[in-house]
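The structure under discussion appears below in the form of structure tokens.
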Amino acid sequence: MLCLHCHTVALGEKPSKRATLALIFATVGFIGFVPGLVGLVLGYQELAAIRRGAAPGAGEGWAVLARNVGWFHVAMLVIIGFGVALRN
């Protein structure tokens, strides 16, 4: 059971601009790592806002995808860092 406001937030709206930006930044991160890290942070912020009821639940899938892709970028940075360190 949801109140009217929570129902509207959860189901009745399109994803927020932050969820959209998180996914865009995470995707652009494949060109350069920094935008991917921004997507990671925005994804976490959006998920927190959704759980507080301050953002539309429709953006949850996009936020989760942005968060996961952001962690992929972090993992690639660590692997590349170890490779460079071992090479020197």
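The figures that follow rest on heavy atoms only: side chains count, while hydrogens, waters and symmetry mates do not. Sequence positions, counted from 1, serve as the residue numbers for this chain.
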Let me check something: any side-chain donor-acceptor pairs from residues 74-88 under 3.5 Å, sequence neighbours excluded? List them with distances.
unit_1, atom_1, unit_2, atom_2, d
Asn88, ND2, Val84, O, 3.3

Identify every side-chain donor-acceptor pair in residues 49-69 under 3.5 Å, counting partners at least two apart or on other chains, and give the distances.
unit_1, atom_1, unit_2, atom_2, d
Arg51, NH1, Leu47, O, 3.4
Asn68, ND2, Val64, O, 3.4

Residue pairs fulfilling salt bridge (charged side-chain N to carboxylate O under 4.0 Å, His left out) with at least one residue in [range], sequence neighbours excluded:
range: residues 71-81; result: none
range: residues 19-42; result: none
range: residues 68-84; result: none

Distance-only donor-acceptor hits, side chain of residues 19-44, under 3.5 Å, sequence neighbours excluded:
unit_1, atom_1, unit_2, atom_2, d
Thr20, OG1, Ser16, O, 3.1
Thr27, OG1, Leu23, O, 2.8
Tyr44, OH, Trp71, NE1, 2.9

Contacts of Arg18 meeting salt bridge (charged side-chain N to carboxylate O under 4.0 Å, His left out) (sequence neighbours excluded), chain-then-number -> Glu46
